[in-house]
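One structure is given below, represented as structure tokens, and several questions about it will come after.
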Amino acid sequence: MSRSQPRNPDLHCHSNVSDGTLAPDALARRAHAQGVDLWALTDHDELGGLLEARRTAEELGMRFVPGVEISVSVATQTVHIVALNIDPEHPTLIDGLQQIRAGRDQRARDMAAALEDHLGIEGVYAGALRFAGNPALLSRTHFARLLVERGICHQTHEVFSRFLTPGKPGYVEHEWASLDDALSWIRAAGGIAVIAHPGRYRFSATEEWALLDRFKSLGGQGIEVVTGSHTASQARKYAKLALEFGFYASRGSDFHSPGESVCDLGRLAPLPVDLAPVWDLLH
Ligand code: AMP
Ligand code: MN
Ligand code: MN
Ligand code: MN
């Protein structure tokens, strides 16, 4: 891999192997067309798109980083850890992700039952499944797309705020991986652990500090500073925390779909210049 500084890195996005809508090949082509020159595919809890993504990226001459976004439970909240530059063939990581995916199907069935009950509708599980490119990876996003298709909401974002977030009628509590386990799988697979979109969590300042501290003590090295999920002021906040904790900073759109995602691939502000970029760790 070339050591020159990338001009437009994008280290977080989703294909239809998780809850994006484009196949890995089409996603790679879109990233390249948007000027991305260092690209990671980071599907939720799943490595199945990496081979196709790498093949197309290499064909286009775009540097590729194999990644995955791991769902973790911290207290009662879900936290996402992006793992970059992992070995997709490592059995420890493969087994760990398999365990996470195994819990998704029952959760999806419970979610479907809760939505059917609340809304007085039918066929929600089968309907959501039709939106999933990968039946092992049914996500809230697929339910959101179904409710938009049925005219219950205008946009997926509205489905989340009305039905699919904690305290709302279609939300099902779920136990994901522990932070310790996720970090041990990432270390085993030779990857770099990055806290995804820290501005999205609902921790107090003390809880957030404790999370970053524990993440660091478990070998976590990076934090997303510039992401499609952060406002400019959140980017400033996490730039400061990156410096305080000595974390490498990452940049990623979290792109899911042309019709849904506000932030397209590569369309992000640059990282603040005083931060150490996470791509300095890639060799
Ligand atoms: P799951 O892993 O099944 O809990 O689904 C989580 C996914 O839902 C995230 O990765 C996002 O793609 C999507 N999501 C979460 N909150 C929202 C929201 N407020 N609006 C739109 N999409 C969301
Ligand atoms: Mn997602
Ligand atoms: Mn996420
Ligand atoms: Mn994501």
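This chain uses plain numbering: 1 for the first residue, then up along the sequence.
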Practice task
Say whether Tyr125 and Asp105, considering side chains only, have a donor N or O and an acceptor N or O under 3.5 Å apart.
Solution key: yes
Practice task
Would you check, one step at a time, whether the test salt bridge (Lys or Arg N to Asp or Glu O under 4.0 Å) holds for Arg30 with Asp25?
Solution key: CA-CA 9 Å; Arg30 188 181 183 97; Asp25 170 73; over 6 Å; no
Exercise for the section: Quick one: closest heavy-atom pair of Leu282 and Leu38, and the distance? Expected result: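 Result for this residue pair: CD1-CD2, 4.0 Å.
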Practice task
Mind checking the CG-CD1 spacing from Leu147 to Ile121? Nearest 0.5 Å is all I need.
Solution key: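 Between atom CG of Leu147 and atom CD1 of Ile121 there are 5.0 Å.
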Problem - Where Ala196 and Tyr201 come nearest, the two heavy atoms and their spacing - result: O-OH, 2.7 Å
Practice task
Run the salt-bridge test on Asp45 and Arg104 with the 4.0 Å N-O cut-off and return the result as yes or no.
Solution key: yes
Practice task
Establish, yes or no, whether the cationic atom of Arg145 lies under 6.0 Å from the six-membered ring centre of Phe131 and within 45° of the ring axis.
Solution key: no
Practice task
Examine the side chains of Glu69 and His80 and answer whether a donor and an acceptor come within less than 3.5 Å of each other.
Solution key: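 Their side chains do contain a donor-acceptor pair, which is all the 3.5 Å distance test asks for.
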Exercise for the section: Determine the minimum heavy-atom distance between Arg251 and Pro9, stating which atoms define it. Expected result: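 It is NH1-O, 2.7 Å.
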Handout entry: is_close_aromatic(His14, Phe255), centroid dist under 6.0 Å
Key = no
Exercise for the section: Identify the residue among Ile70, Leu84, Leu11 that makes a side chain to side chain contact (heavy atoms under 4.5 Å, CB included) with Thr42. Expected result: Leu84
Problem - Separation of Thr92 OG1 from Asp181 CG (nearest 0.5 Å) - result: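 Those atoms lie 11.0 Å apart.
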Practice task
First locate atom CD of Glu46, then atom OG of Ser18, and finally report the distance between them rounded to the nearest 0.5 Å.
Solution key: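 Rounded to the nearest 0.5 Å, the CD-OG separation comes to 8.0 Å.
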Practice task
Write down the atom of Leu138, the atom of Arg107, and the distance for their closest heavy-atom approach.
Solution key: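 Here Leu138 and Arg107 meet closest at O-NH1, 4.3 Å.
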Problem - For the student: nearest non-hydrogen atoms of Pro6 and Arg63, plus distance - result: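 Looks like CD-NH1, 4.1 Å.
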Practice task
Check the surroundings of atom OH in Tyr248: do more than 12 heavy atoms from other residues, nucleotides or ligands lie under 6.0 Å from it?
Solution key: no
Exercise for the section: List in chain and number order the residues that pass ring pair (Phe, Tyr, Trp, His ring centres under 6.0 Å) with Phe245, two or more places apart in sequence or in another chain; answer none if no residue qualifies. Expected result: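 Residues passing ring pair (Phe, Tyr, Trp, His ring centres under 6.0 Å) with Phe245: Trp209, Phe247.
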Exercise for the section: Taking the side chain as every heavy atom from C-beta outward, state whether Thr56 and His32 have any pair of such atoms under 4.5 Å apart. Expected result: no
Exercise for the section: Please indicate whether Arg150 has more than 12 foreign heavy atoms, meaning atoms of other residues, nucleotides or ligands, lying under 6.0 Å from its CZ. Expected result: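 Result for CZ/Arg150: enclosed.
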Handout entry: Donor on one side chain, acceptor on other, Asp10 and Gln34, under 3.5 Å
Key = no
